[in-house]
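In what follows, a single structure is set out as C-alpha cells and then discussed.
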Amino acid sequence: MTPRIAVVGGGMAAARFAERYGALGGPGEVTVYGAEPRAPYNRVLLAEVLTGRYDAESIALPLGGAGVRTGSEVVALDTAARTLRLADGTVEVWDELVLATGANPVLPPVRGLRRTDGYGLVEGVHTLRTLEDCARLAEEAVGARRAVVIGGGVLGVSAARALAALGVRSEIVHQAPYLIERQQD
C-alpha cells in the first residue's frame with residue numbers, strides 16, 4: 001500500500017519538501033494542504049510582483065508531482081486516528097504527517113493598527129505575506145503619496161524599494177541599529 005503523506009501548509013517549505021521527496025524517489029503519495037487559493041509560490045519574490053517585474057504565475061514553485069489542495073485550511077489534527085479536518089468539514093486520512101505551516105506576519109504592539117472589533121487591520125494598514133496582500137497593496141499604492149514600512153528585514157527593505165519604484169515615497173521604521181541585521185554583521 002502506498003503511504004499517504006499529508007503536508008499541512010502551502011508555503012515554500014511545503015513545496016520544497018514535496019519537490020525533494022519526489023526527486024529522491026519517495027514511495028508515498030504526497031498531498032499539500034494550503035489555505036490560500038493558489039498553489040505554493042516563492043514569497044521572497046512578492047516585492048517583485050508588487051513592482052510588476054513578475055506576475056503571480058511566474059513565482060509558482062515546483063511540487064515534484066505532489067497533489068495540492070488549495071483553499072484547504074487544516075483546522076484540526078487527530079494524531080491517534082491519523083486524520084486532519086479541513087475548514088469545510090472534510091476529514092482526510094494520512095499515514096505520515098509533515099507540518100510546514102510557516103509564520104504569520106508579526107505586527108508591532110502599536111495602537112491603531114487593528115480595527116476596534118479586533119478583526120483585521122484598519123484602512124491603509126497592510127501586511128505583505130501573500131499574493132492577495134500584494135494585490136491589495138498594489139491597488140492602494142496607485143493613489144498613495146507616502147508609505148511607512150515597519151520592519152527593515154529583507155522583506156521590509158524589498159517592500160519599501162518596490163513601493164518607491166511605484167512612485168510612493170517610502171520610509172522604513174526598524175528597531176535594530178541597521179537594516180537587514182539578521183543577514184549582515
Side-chain angles (χ1 to χ4, degrees), residues 7-20 32-64 68-73 99-185:
V7 180
V8 178
M12 294 173 68
R16 182 68 172 166
F17 169 80
E19 187 275 327
R20 293 308 305 152
V32 175
Y33 295 89
E36 289 187 61
R38 295 178 179 271
Y41 52 88
N42 187 339
R43 293 184 196 284
V44 175
L45 296 175
L46 283 175
E48 299 298 332
V49 172
L50 184 58
T51 65
R53 181 174 180 199
Y54 295 114
D55 62 15
E57 287 69 38
S58 65
I59 66 170
L61 294 171
L63 294 171
V68 63
R69 297 272 305 269
T70 58
S72 297
E73 180 183 8
L99 297 177
T101 54
N104 289 319
V106 177
L107 293 174
V110 175
R111 277 180 265 137
L113 295 180
R114 296 185 190 278
R115 294 187 341 211
T116 55
D117 63 10
Y119 297 100
L121 304 173
V122 298
E123 185 177 332
V125 175
H126 300 273
T127 57
L128 182 58
R129 182 177 179 275
T130 68
L131 280 165
E132 287 71 27
D133 294 341
C134 190
R136 280 192 298 276
L137 186 56
E139 193 174 288
E140 281 207 28
V142 170
R145 294 187 322 253
R146 181 173 179 228
V148 175
V149 177
I150 300 175
V154 172
L155 187 56
V157 170
S158 297
R161 186 183 66 68
L163 289 165
L166 293 173
V168 179
R169 188 174 132 238
S170 301
E171 297 177 43
I172 299 173
V173 176
H174 190 52
Q175 66 182 358
Y178 54 91
L179 300 175
I180 314 175
E181 81 285 352
R182 291 186 181 181
Q183 286 74 26
Q184 299 182 38
D185 60 17

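- More than 12 heavy atoms of other shown residues, nucleotides or ligands fall within 6.0 angstrom of atom CZ in R129.
- Nearest heavy atoms, H174 versus G153: CE1-N, 4.0 Å.
- Proximity of L128 to V149: side-chain heavy atoms (C-beta onward) are nowhere separated by under 4.5 Å.
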Applying side-chain contact (heavy atoms from CB on, under 4.5 Å) to E57 and R38, what does each step give before you reach the verdict? CA-CA 9 Å; E57 287 69 38; R38 295 178 179 271; 3.4 Å; yes
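- By the 6.0 Å contact criterion, OH on Y119 is open, its count of non-hydrogen atoms from other residues, nucleotides or ligands being 12 or less.
- Summarising the geometry of G151 relative to I172, their closest heavy-atom pair is O-CG2, 3.8 Å, with the distance given to 0.1 Å.
- Dense packing is recorded around CD of Q183, with more than 12 heavy atoms of other residues, nucleotides or ligands lying under 6.0 Å away.
- Rounding to the nearest 0.5 Å gives a distance of 4.5 Å between OH of Y41 and OG1 of T130.
- Scanning all heavy atoms of the two residues, the minimum distance from A162 to A47 falls at CB-O, 3.4 Å.
- With S158 contributing its side chain and G156 its backbone, the two residues share no donor-acceptor pair below 3.5 Å.
- The CZ atom of R43 sits 8.5 Å away from the CE atom of M12 when rounded to the nearest 0.5 Å.
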Apply side-chain contact (heavy atoms from CB on, under 4.5 Å) to the pair R114 and L121, showing each step before the final yes or no. CA-CA 4 Å; R114 296 185 190 278; L121 304 173; 4.3 Å; yes
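- Across every non-hydrogen atom of S170 and A160, the tightest pair is OG-O, 3.5 Å.
- With rounding to the nearest 0.5 Å, the separation of CG in L45 from CG in D55 is 11.5 Å.
- Shown here for L163 and L137, the closest heavy-atom pair between the two residues is CD2-CG, 4.3 Å.
- Annotation: the span from L166 atom CG to R161 atom CZ amounts to 10.0 Å, rounded to 0.5 Å.
- Nearest approach of L46 to C134, heavy atoms of both residues: O-SG, 3.4 Å.
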How far apart are the C-alpha atoms of R136 and E139, what are their side-chain angles, what is the distance that settles it, and do they pass the side-chain contact (heavy atoms from CB on, under 4.5 Å) test? CA-CA 5 Å; R136 280 192 298 276; E139 193 174 288; 5.6 Å; no
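- Distance OG1/T127 to CD1/I150: 11.5 Å, rounded to 0.5 Å.
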